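Values reported hereafter were calculated over all heavy atoms of this structure, with side chains retained and with hydrogens, waters and symmetry mates removed. FYI, the numbering just counts along the sequence from 1. None of these values were measured; they are calculated from a predicted model. Note that ligands are numbered from 1 as they come in the structure, with each ligand's atoms numbered from 1 the same way.
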Amino acid sequence: MRVLSVVGARPQFVKLAPVAAAFGAAGIDHVIVHTGQHYDAVMSDAFFEDLHIPAPDVHLGIGSANHGAQTGAMLAAMDDVLLTHRPDWVLVYGDTNSTLAGALSAVKLHLRVAHLEAGLRSFNRRMPEEHNRVLTDHAADLLLAPTQVAMGHLAAEGLADRARLVGDVMTDVCFLVRDAVRDRPAELPTGVDPASPYVVATIHRADNTDDPQRLAAIVEALGAVPVPVVLLAHPRLRARAAEFGLDLSRGSVHATDPLPYPQMVRAVMGSAGVVTDSGGLQKEAFLLGVPCTTVRTETEWTETVDLGWNVLDPGLTRVPDLAARAKPVAPEGAGAAPYGDGKAAQRVADELLSA
Ligand code: UD1
């Protein structure tokens, strides 16, 4: 059986790693298509190297543009790729413009589509990711859901018969990497002592980066944290800050480039807490037993909030006290494993082989 994976942005490379390994073990002929949505070495190539992902078979080289132009360019390029490789399944991941383009181009050619990380909802229709999730779920033939909550959302939209609970492949990769890096020192920017409390922060969502006052307020709140803040600056954040004449390194903030995945996991493991607007990092903080403050009005990963590990703080009032916040009972100790057992990718392979 041949499966063609479409990936393009950083979180998709992380999800692809355990899936590619499971497909290899299951003898699935796996074609990897990289749209080129993320193209910088630190945003793309480093993930393939560090997570031992086979090099893409096809690279579309689309790059950045506004949403319509970026998604449209991917659609235009995908027809030839799909007609050349004729896969039994097209597998799309998560919620980016590459996800939607992969799903749409496949259904137009009557190829079967499976959506990994199906059923997540923020119910915030301002987010491009929310449009991508809803449209991809309704186009796909097989919905591979990470959580019971996601299964509930799919059922509420009339999609229960196509949905399968497989667990979260990000748990697979997070636990493997955690065990591999446990004995390594955290690599932090000069001036941040890994032996003393520090916070890891990421901000990249358009709602937070694209308004000068909002971005200034976020940097101000991070600067007021009483311990060093390692701000892993996404290219969008750097670009907007430069445009607005805003210095990211103010107060406690040490702005630095995004880290390779293993180093990011190690930095989070050693931290006193995480401040983020990323979906993936909220969950990684939870899986690694670190408290998180999320700079958004809502989250797709509601279990992290319900279990006491994550606080939603769009008003930025809770950011400065993060490092002092008491940790709740460890999720594993409390028997809560809403994101699966670290074997989700194997179930993805099984579902595709049996469907
Ligand atoms: C995308 C996803 C988002 C995901 C995020 C992870 C969509 C709609 N959004 O957002 O869901 O959480 O990736 O990072 O698909 N840029 C570079 N180098 C790169 C990549 C991007 O400089 O390697 C710059 C681009 O020029 C652009 C900005 O970063 O100005 C945003 O990139 P884009 O891929 O459009 O969206 P993200 O904000 O990364």
Legend entry - Min side-chain heavy-atom separation Arg133-Met127 under 4.5 Å: yes
Legend entry - Phe123 six-ring face occupied by Arg121 cation (under 6.0 Å, within 45°): no
Inset, instruction - Within a distance under 4.0 Å of any heavy atom of Ser64, pick out the atoms of ligand 1 and give their elements. - result: 25 (C), 26 (O), 27 (C)
Legend entry - Closest protein heavy atom to atom 16 (N) of ligand 1, given as residue, atom name and distance to 0.1 Å: Tyr39 OH, 3.5 Å
Legend entry - Element-labelled atoms of ligand 1 that are located less than 4.0 Å from some non-hydrogen atom of Asp95: 11 (O)
Inset, instruction - Check Glu129 against ligand 1 and report side chain, backbone, both or neither, counting heavy atoms closer than 4.0 Å. - result: side chain
Inset, instruction - Answer yes or no: is there a donor N or O on one side and an acceptor on the other, between the side chain of Asp277 and the main chain of His204, under 3.5 Å? - result: yes
Inset, instruction - Taking Asp40 for its side chain and Met43 for its backbone only, find out whether a donor-acceptor pair lies under 3.5 Å. - result: no
Inset, instruction - Please report which non-hydrogen protein atom sits nearest to atom 28 (C) of ligand 1, along with the residue it belongs to and the distance in Å to one decimal place. - result: Arg236 CB, 3.8 Å
Inset, instruction - Under the side chain to side chain donor-acceptor pair (under 3.5 Å) rule, what do Thr99 and Gln12 come out as? Steps first, then yes or no, please. - result: CA-CA 9 Å; Thr99 314; Gln12 293 165 331; 2.9 Å; yes
Inset, instruction - Could you pull out, from His131, His204, Arg240, the option with a heavy atom nearest to atom 5 (C) of ligand 1? - result: His204
Legend entry - Pair Glu117 + Lys15: basic N to acidic O under 4.0 Å: yes
Inset, instruction - Compute the ring centroids of Tyr261 and Phe13, then answer whether they are less than 6.0 Å apart. - result: no
Legend entry - Close-contact set for ligand 1 against His67 heavy atoms, below 4.0 Å: 8 (C)
Legend entry - Same apolar cluster: Phe244 and Leu248, side chain cutoff 4.5 Å: yes
Legend entry - Close-contact set for ligand 1 against Arg10 heavy atoms, below 4.0 Å: 14 (O)
Inset, instruction - Taking only heavy atoms of Arg205 into account, list the atoms of ligand 1 that are under 4.0 Å away from them. - result: 12 (O)
Legend entry - Location of contacts on Pro11 toward ligand 1, heavy atoms closer than 4.0 Å: side chain
Inset, instruction - Kindly state if atom 9 (N) of ligand 1 has a protein heavy atom within a strict 4.0 Å cut-off, that is, under 4.0 Å? - result: yes
Legend entry - Distance from atom 33 (P) of ligand 1 to nearest protein heavy atom, with residue and atom: Gln37 NE2, 4.0 Å
Legend entry - Any donor-acceptor pair under 3.5 Å from Asp172 side chain to Ala345 backbone: yes
Donor-acceptor pairs are to be reported for all side-chain atoms of residues 16-35 against protein atoms at under 3.5 Å, with residues two or more places apart or in another chain.
from, atom 1, to, atom 2, distance (Å)
Asp29, OD2, Arg2, NE, 2.7
Asp29, OD2, Arg2, NH2, 3.1
His30, NE2, Ser5, OG, 2.7
His34, ND1, Gly36, N, 2.8
His34, NE2, Ser44, OG, 2.9
Thr35, OG1, Gln37, N, 3.2
Thr35, OG1, Ser98, OG, 2.9

Inset, instruction - Please indicate whether any nitrogen or oxygen in Ser98 is less than 3.5 Å from any nitrogen or oxygen in ligand 1. - result: no
Inset, instruction - For atom 18 (N) of ligand 1, find the nearest protein heavy atom and state the residue, atom name and distance (0.1 Å precision). - result: Asp40 OD2, 2.9 Å
Inset, instruction - With heavy atoms under 4.0 Å as the rule, classify the contact between His38 and ligand 1 as side chain, backbone, both or neither. - result: both
